[in-house]
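A short worksheet on the structure shown next.
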Number of protein chains: 2
Amino acid sequence: MSYDTDIYNALRHRLMTNGFEHGQKVRAEHLRIEFGCSASTIREVLFRLSTIGLVEFREQRGFRVPEQSRALIHELTHLRVLLEAEGTAMSIRRGGVAWEARLTAAHHQLSHLEMRLQSAQDTAPFIDLWFDAERQFHETLISACGSDALRDTHHQVYCRFRQQLMIEDRAFDFISENIRQHQQILDAAMAGDEALTRHKIHDHLARHLMADVEREPA
Amino acid sequence: MSYDTDIYNALRHRLMTNGFEHGQKVRAEHLRIEFGCSASTIREVLFRLSTIGLVEFREQRGFRVPEQSRALIHELTHLRVLLEAEGTAMSIRRGGVAWEARLTAAHHQLSHLEMRLQSAQDTAPFIDLWFDAERQFHETLISACGSDALRDTHHQVYCRFRQQLMIEDRAFDFISENIRQHQQILDAAMAGDEALTRHKIHDHLARHLMADVEREPA
DNA sequence: TTCCATCAAAATCTCGAAATTTAGGCGAAT
DNA sequence: ATTCGCCTAAATTTCGAGATTTTGATGGAA
């Protein structure tokens, strides 16, 4: 793994989790010192990240983290539904036992984590683990779709989605509903029911579309 | 427009049309001389292009244009159908008169060009114009979808698709069928029939999925 | 107080060169 | 004739400096 790529991955991960505030400026100069490399190297990496939308570039004004936007979360959720539903349907057709095994394994990990979350006093130490497990489950869903282009596209959308969502305090408020929905997706997929699986994926992601409605009355 | 961005757009355009051969190495050193800038600047641009898949980066071995792959064309076509059908359906719901006007205009331009193509002796001078007009028509279809994220994603997929397809000798073999299909898409969209529009978009792009079957018997 | 010009500090942007790595040719040994 | 290792040329990667631009603060005028 090259130097460039290391920094690229490190920054991408930080941008997807909680390393930066929305709208905050990304100071290439500071990162240069932190990573101990030249400004050009940082600049390269930031340009790469700007191409997929994880940072915004403005001429002569450097890079900054995109503002959080309810509208953008909607758009990215919509794309996720589109890509994940299609990718999962393709996986059901092409997948086979190996895929079913991977999916069951991913769900088991996630499920196990969510169970522990329900009874935990302090959810903080689980946050990173849960996000990883959730990502793993959703990526496994589409992993047998046979289209690298679809997986790549989904990955980009997913990164931006995760960045927009960041860590919400209410992340685990609906954990029991999450457990139920993940189980339903798994069941439908294992039963080979494409239509039902699409439907359940839509339902699962739709909560991000509902957020506005929830808040309106408050 | 910044220097960086100029070079980015120039190279992207060249990669999408016929500036490079598939699999050919992209020599940063040569481009540096051609564009009269430093190696770092070229490198930045190439990294950006690699993030969306227009060039491939291999550590210590520079950048190269992706190989042409029938499978990849299939995958990108599939994504185009997914994104364009959805985006157009949204445009039908949200778009209004302004969008209908834009779409009619784009189709008129394309249609006019295709008519001239049919009767032209030498199609070569029309190629670039036609590709631009076709892109314009398809981008206009989704232009009122209300989702920047969908438009951005479609743009990336479209760039890669165009690069994979490049200029085929047979580009205009089916020009009369193209005219008919574009007209059908326009009619369905103007009639506000989402389902029919989706269907016609699928039919129109499906010819890229059929290419294998066509060639198999030969 | 508010607005605007000026100036200094900090950040961005581009470049050319040095260090590192790959690519390809040449000749010797099997 | 083929293979292997060496050597040179060419390409890459990284860096730090200098030029340019933005940012933020200070001070004077309305």
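A note on names: the letters A, B, ... follow the listed sequences, proteins ahead of strands, and every chain is numbered from 1.
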### Query
Without hydrogens or angle criteria, can the side chains of A:Y8 and A:R12 be said to hold a donor-acceptor pair below 3.5 Å?
no

### Query
Of B:A28 and A:S38, whose closest DNA chain D nucleotide lies nearer the 5' terminus?
B:A28

### Query
How long is the line joining CZ of B:F47 and C1' of D:dT13, in whole Å?
9 Å

### Query
Can you find a side chain N or O atom of B:R43 that sits less than 4.0 Å from OP1 or OP2 on D:dT14?
yes

### Query
Atom CD of B:E29 to atom C1' of C:dA18: distance rounded to whole Å?
14 Å

#### Entry: From C:dC13, C:dT22, D:dT14, nucleotide with atom closest to A:Q60 side chain
C:dC13

### Distance in angstrom units between A:E59 CD and C:dA11 C1', rounded
15 Å

### Task
Test the B:R116-B:F126 pair against the cation-pi criterion, namely NZ or CZ under 6.0 angstrom from the six-membered ring centroid and within 45° of the ring axis.
no

### Query
Any side-chain N or O of B:S40 under 4.0 Å from OP1/OP2 of C:dC13?
no

#### Entry: Protein-nucleotide distance (B:F63, atom CZ; D:dT13, atom C1'), rounded to Å
10 Å

### Message
How long is the straight-line distance from NE2 of A:H202 back to CD of A:E84, given to the nearest 0.5 Å?
### Response
12.0 Å

### Query
Side chain of A:C37: nearest nucleotide among D:dC15, C:dC15, D:dT12?
D:dC15

## Note on the structure
Separation of C:dC13 atom P from B:R48 atom CZ, nearest Å, is 11 Å

### Query
Hey, does the Lys NZ or Arg CZ of A:R80 hover above the aromatic six-ring of A:F161, less than 6.0 Å from the centre and inside 45° of the axis?
yes

### Gap between atoms CZ and P, on B:R58 and C:dA23 respectively (whole Å)
8 Å

### Query
Does B:R32 place a side-chain N or O at less than 4.0 Å from the phosphate oxygens OP1/OP2 of C:dC15?
no

### Summary
In whole angstroms, the gap separating C1' of C:dA23 from CZ of B:R64 amounts to 12 Å

### Spacing of B:I7 atom CD1 relative to C:dT14 atom C1', expressed in whole Å
10 Å

### Task
Kindly indicate, with the supporting measurements, whether the criterion side-chain contact (heavy atoms from CB on, under 4.5 Å) is fulfilled by B:L31 and B:R14.
CA-CA 12 Å; B:L31 293 173; B:R14 192 187 295 188; 4.2 Å; yes

## Note on the structure
Residue pair B:R27/A:A39 against DNA chain D: nearer the 5' end by closest nucleotide is B:R27

### Message
On the nucleotide D:dA11, are OP1 or OP2 found under 4.0 Å from the side-chain N or O atoms that B:R61 carries?
### Response
no

### Task
Please check the phosphate of D:dA10 (OP1 and OP2 only) for any side-chain N or O of B:H30 closer than 4.0 Å.
no

### Closest to the A:T41 side chain, choosing from C:dT12, D:dC15, D:dT12
D:dC15

